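Here the structure is laid out as structure tokens; the discussion comes afterwards.
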Amino acid sequence: MAGEIGRKTEHWGSRFGFIMASVGSAVGLGNFWRFPYTAGENGGGAFILFYIICVLLIGLPLLMAEYAMGRKSGMSAIEGIQSLARAESRSQNWGVAGWVGSLTSFFILSFYMVISTWLMAFLIQSFGGFEGMDAASSGQNFVDTIGQGEHPMRSKWYMLGLLAVFLVANIIIVGRGVKGGIEKAATLLMPAFFIMLLVVVGFSIANGDTGKAVSFIFEPKWEDVGFKTFLAALGQAFFSLSIGVGLMITYGAYLEPDTNIPRSSGLIVASDTLVALIAGFAIFPIVFSAGLDPSSGPSLFFISMPVAFGSIPGGAIIAPVFFGLALFAAFTSSISLMEVAVSWLEERQGVTRLGASIGVGYVLFMIGAAYVFSLEYLDFMDFMTEGLLLPLGGLLASYFAGWVLSREMLTSELGEGTIMNAWRFLIRWFVPPFIFLILVFGFMDKIQDQYHVPLPGFLTMLLGPNWVPPAG
Ligand code: TRP
């Protein structure tokens, strides 16, 4: 049966625009907010080492696969995968990989928007300065009380107002389409972002405790390493590169035939990883010079940075730049997350792009209003998406690209030669088994760690020294 949905006829305005949109999607809260605390909680340099391995050997091949499948099919994730399956006379059920992705991106956006709203609140606050703030009175208090809307400066209504502003901005950009909305926003915001990043890093290195930051980033703490370190690194790699939800399939569908996929993918992966490391150099020197703990979890960013900016000379000037650049990065990522759900509605339900954007934005706002910034919801969704759904989406997509599609199917996209050989080897023999193993063992390791669920004896043996018997 031929689908009613045809190939996309729209294309990226330019190769630069495509790269900016992709880098804009990849570089986001994952780099600033999530990467530093995840590294802090998972062995510092050891985590960063695993992270780079995951990015190069899992992330890069999968990103190439997503772009290649997108351009080959000319469609977004679900239809794209189905049409490729059809071409190979395989089951339409492979479309499930796209379904998982659409759902996952929606879940991610449901907490992504909340963190972005915090960023907005901090940006506004930063204009007034953070002088005299200490950990007990500022960020800690903010994060602790925000869930109840009890923070003295930030009522629940104020936060919901900011959330509405954030979502409306998303709706406007996504509603304008890929070329006129997403590409344009990224082309304007990302260059500004890079300039601001350099300013902040320069400041941080000059004024913070750079020595301690360097040893934290490069010295591995092996005692903190277990299966869950791999799972954390893998989940972080998927999250940071925006892969595993089929978004890059959609972006690939808008690619001109002459854009070199392997080269562009390499550039995007390198930029994202570089920004994560540079963000580490923007954050850790300041965290250490303020005498704060880098492994304080999701609130690291929001507790440490205001305190640090309040105590460092010049901090009052640099703080708005810092929160502003993080907000730019978050915004160009959130529009890409919204695009996944919107393009699905637009294609399947026959609504207009703007109508779809408004619908998605409305549902998100309702979710936001219902759980009003509860940290439990955030924790749970973060765990479900990074710990389970993203790797699962990646597993399905890589298995599909490596084992269901024939080599010939993607030669038009990836070429024929060394790159194709290496890519095909990884996507068949390395990526799916690796994700599978990490998912199974990492997930169990994490479950018992977090909820103290006892594991069967043979798993205890396999999980090794990191497994601690649950109390009681
Ligand atoms: N990569 C973004 C970040 O690091 C988040 C993001 C945007 C994302 N689009 C995505 C994550 C698609 C997974 C899938 O903040």
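When a residue number appears, it is its place in the shown sequence, counting from 1. Small disclaimer: the values here were computed from a predicted structure and weren't measured. Read the numbers this way: they start at 1 and go in the same order the structure lists the ligands and their atoms.
The pair R353-E339 meets the salt-bridge criterion, since a charged nitrogen lies less than 4.0 angstrom from a carboxylate oxygen. Taking 4.0 Å as the cut-off between side-chain N and carboxylate O, E386 and R34 count as a salt-bridged pair.
Here T210 pairs with I205, V214, P285 under the side chain to side chain contact (heavy atoms under 4.5 Å, CB included) rule; sequence neighbours left out.
For atom 12 (C) of ligand 1, the choice among L389, L337, L109 with the nearest heavy atom turns out to be L337. For atom 3 (C) of ligand 1, the choice among S22, A330, A26 with the nearest heavy atom turns out to be A26. Atom 14 (C) of ligand 1 has its nearest heavy-atom neighbour, among V245, N31, T332, L241, in V245.
Ligand 1 has no atom lying under 4.0 Å from any heavy atom of W33. Contact annotation: S105 has no heavy atom less than 4.0 Å from any atom of ligand 1.
Taking atom 2 (C) of ligand 1 as the reference point, the nearest protein heavy-atom neighbour is S25 O, 3.1 Å. With hydrogens left out, the protein atom closest to atom 1 (N) of ligand 1 is F239 O, 2.7 Å, a heavy atom. Remark: minimum distance from atom 6 (C) of ligand 1 to any protein heavy atom is reached at S242 OG, 3.5 Å. Here the protein heavy atom with the shortest distance to atom 15 (O) of ligand 1 is Y112 OH, 2.5 Å.
For ligand 1, the atoms closer than 4.0 angstrom to any heavy atom of S336 are 7 (C), 9 (N). Those atoms of ligand 1 that come under 4.0 Å of a heavy atom in I108, given as number and element, are 13 (C).
The aromatic rings of W33 and F111 sit tilted relative to each other, their planes meeting at an angle between 30° and 60°. Ring geometry, F400 versus W94: the interplanar angle falls from 30° to 60°, so the pair is classed tilted.
When ring centroids are compared, F322 and F203 stay outside the 6.0 Å threshold.
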